[in-house]
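Notes follow the structure.
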Amino acid sequence: MEQPDGAWWRRSTVYQIYPKSFMDSDGDGVGDLRGITSKLDYLHALGVDVVWLCPVYPHGGVDGGYDITDYRAIAPEFGTLADWQELLAGLHARGMRLVMDLVVNHTSDRHPWFLEARSSTDSPYRDYYLWQPGRDSGPPSNWGSHFGGSAWQLDPATGESYLHLFAPEQPDLNWENPRVRREVYDLMTFWLELGIDGFRMDTINMLSKVPGYPDTAPGADYAYPLAEEHFLNGPRLLDYLREMRAEVLSRYDVMTVGETPGTTPEQAAVLTDPQTGPLDMVFQFDHMAVDKDTTSARPRWTTVPYAVPELKRVLGRWQTGLHGRGWNSLYLGNHDVPRMVSRFGDDGEHRAASAKMLATLLFTLQGTPYVYQGDELGMPNARFTSIDDYRDVDTLNLYREDVTQGGRDPAEVLAMIHAKGRDNARTPMPWTAGEHAGFTTGTPWIPLNPTYPDINAEAAVADPDSVYWYYRDLIRLRREHPAIVDGRYDDLRPTHDTLYAYLRTHAQEQLLVLLNFGGAVLDLDGVLELPANAELLIGNYTAPGEVPPGVLQPWEARVYVTRTVEETGTPG
Ligand code: TEU
């Protein structure tokens with residue numbers, strides 16, 4: 001149960017792989033396990049400690065692998081279990097670890113359990129899922145699904161509806177049923193016994209639903225709103241996760257990260273408490289909301305310019321909220337959100353500088369940083385201009401509902417997709433400027449990001465000034481500076497509109513981080529005084545010792561070391 005302070009995952013950098021788009025070894029246009037294995041030296045050179053592999057299990061083909069039909073096998077397009085074992089061995093041989101995706105809030109509707117369950121109300125598997133009779137010729141409650149429409153799907157054969165918080169092809173499992181929990185613990189043990197180093201747990205705080213599925217307040221113009229208060233961090237969640245830890249996880253030295261939308265730092269502190277918390281860390285979502293229009297009926301697809309003080313407030317709340325109490329995960333991008341440089345930086349003129357500045361933020365806060373494939377190259381959003389180029393169920397549903405059925409202007413909806421669509425970050429990894437970016441010899445399953453002739457791994461590795469090399473430096477620095485891993489966080493100018501300045505303070509070492517969130521030169525005169533003994537550790541503009549100290553260039557980032565510690569609360 002005990003998670004010692006020196007836990008390896010606190011000092012690790014995680015690299016997230018979306019297998020379909022990392023590297024194709026057999027020319028079918030889909031990335032695969034042998035492709036990943038062929039790129040292990042690339043990952044090793046970058047310096048990452050852990051690889052998180054998005055789902056590679058057999059699936060129903062609806063949600064990028066998150067609709068699983070068999071939890072103990074590898075999907076044929078990704079390879080075989082032997083290929084997977086080779087990947088694991090290759091990682092371990094290089095001193096890296098492997099974290100697998102655990103998707104157990106729901107299965108595919110083609111999973112044998114569900115096929116059995118839907119066959120009759122008497123099936124021994126019926127109770128593996130959440131069935132309800134309809135109400136007044138409508139669904140059992142007004143809950144909406146994440147991907148649009150009702151969260152209930154009527155099964156005509158039995159006249160009852162099943163709950164699906166995501167696509168109708170992703171029925172939710174019934175965690176109240178001890179047999180379901182046993183199945184999950186067994187499948188976790190299966191992978192742990194094969195030698196994996198942890199789990200990323202998909203939508204793990206959705207396992208416990210409020211009994212009776214009470215209606216939620218109707219949204220302004222949506223019949224089926226997300227009933228988050230009835231399924232996020234529900235009444236029995238902690239019981240389930242504590243049981244999971246006791247039954248399975250406590251027997252292995254592994255890391256766990258729970259995906260937990262709608263969770264507060266207080267709840268996260270309980271979930272990740274070093275002694276009693278069932279998880280090691282969680283993915284919080286608060287900073288993913290700073291650019292949403294929260295007054296909209298469907299905020300998820302909206303985009304407004306974010307306020308830097310708000311971003312600082314949200315990140316700061318998590319830094320101080322979990323310091324000494326739990327553990328943060330740090331991320332600015334993943335397979336569900338747009339590219340970080342397009343969303344939080346400037347992917348035009350200042351693409352490289354802003355990508356490096358954001359990386360500096362990612363790597364100098366307290367927590368375990370996650371690098372999503374391609375972000376180390378500063379990849380921007382894909383922004384396909386034709387809806388035919390998109391593959392994501394969520395994006396296609398939006399287009400169908402709004403344009404095909406709703407008659408809305410396609411250009412308007414494409415603009416939303418350009419800003420927030422999940423396929424922006426799901427395009428193949430650009431390895432070279434050559435054919436299909438060196439990703440495949442066949443036809444890629446989704447078009448390439450059009451920037452690949454300039455933005456690709458080969459070009460980045462060859463250019464010592466690239467975003468890639470800056471990531472390498474940051475990953476190394478994180479290992480060398482205990483202040484980054486364990487230091488206290490203090491925001492020095494919380495209300496400044498473009499300057500993000502914070503201290504990380506630890507025993508004999510203090511770091512000062514200065515980030516310019518904008519394309520304008522920022523004069524520090526009268527804003528913040530640099531300590532006389534400040535020594536530049538890393539910066540995205542000039543080599544150490546050559547920085548004009550009084551002004552920050554567009555999107556400039558600097559990290560200074562101050563060895564004399566002023567232990568007096570918030571200095572400055
Ligand atoms: O995501 C769950 C989640 O809460 C959202 O980020 C979700 O992707 C978004 O609301 C819809 O665009 C996880 C996975 O990361 C995601 O890829 C899956 O689609 C989802 O669960 C269902 O398994």
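Fair warning: this is a prediction, and the values are worked out from it, not measured in the lab. Counting starts at 1 for both ligands and their atoms, in listed order.
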Return yes if some donor-acceptor pair links the side-chain N/O of Asp202 with the main-chain N/O of Glu259 below 3.5 Å, else return no. no
Side chain, backbone, both or neither: which part of Arg426 comes within less than 4.0 Å of ligand 1 when only heavy atoms are counted? side chain
For Arg200, which part has a heavy atom under 4.0 Å from ligand 1: side chain, backbone, both, or neither? side chain
For Pro261, state whether at least one heavy atom is located under 4.0 Å from any atom of ligand 1. yes
Is His335 close to Gln16 at the side-chain level, that is, under 4.5 Å between some pair of heavy atoms? yes
Nearest protein heavy atom with distance in Å, relative to atom 8 (O) of ligand 1: Arg422 NH1, 3.0 Å
Taking only residues two or more places apart in sequence or in another chain, which ones pass ring pair (Phe, Tyr, Trp, His ring centres under 6.0 Å) with Trp84? Trp191
min-distance protein heavy atom vs atom 20 (C) of ligand 1 -> Phe166 CE2, 3.8 Å
Would you say Arg300 and ligand 1 have an N/O pair spaced under 3.5 Å apart? yes
Closer than 4.0 angstrom, basic N to acidic O: yes or no for Arg97 and Asp49? no
Ligand 1 and Asp63, any nitrogen or oxygen pair closer than 3.5 angstrom? yes
Give the residue and atom name of whichever protein heavy atom lies nearest to atom 12 (O) of ligand 1, and the separation in Å to one decimal. Asp394 OD2, 2.6 Å
Counting from 1 in the order shown, the ligand 1 atoms closer than 4.0 Å to a non-hydrogen atom of Phe147 are 11 (C), 19 (O)
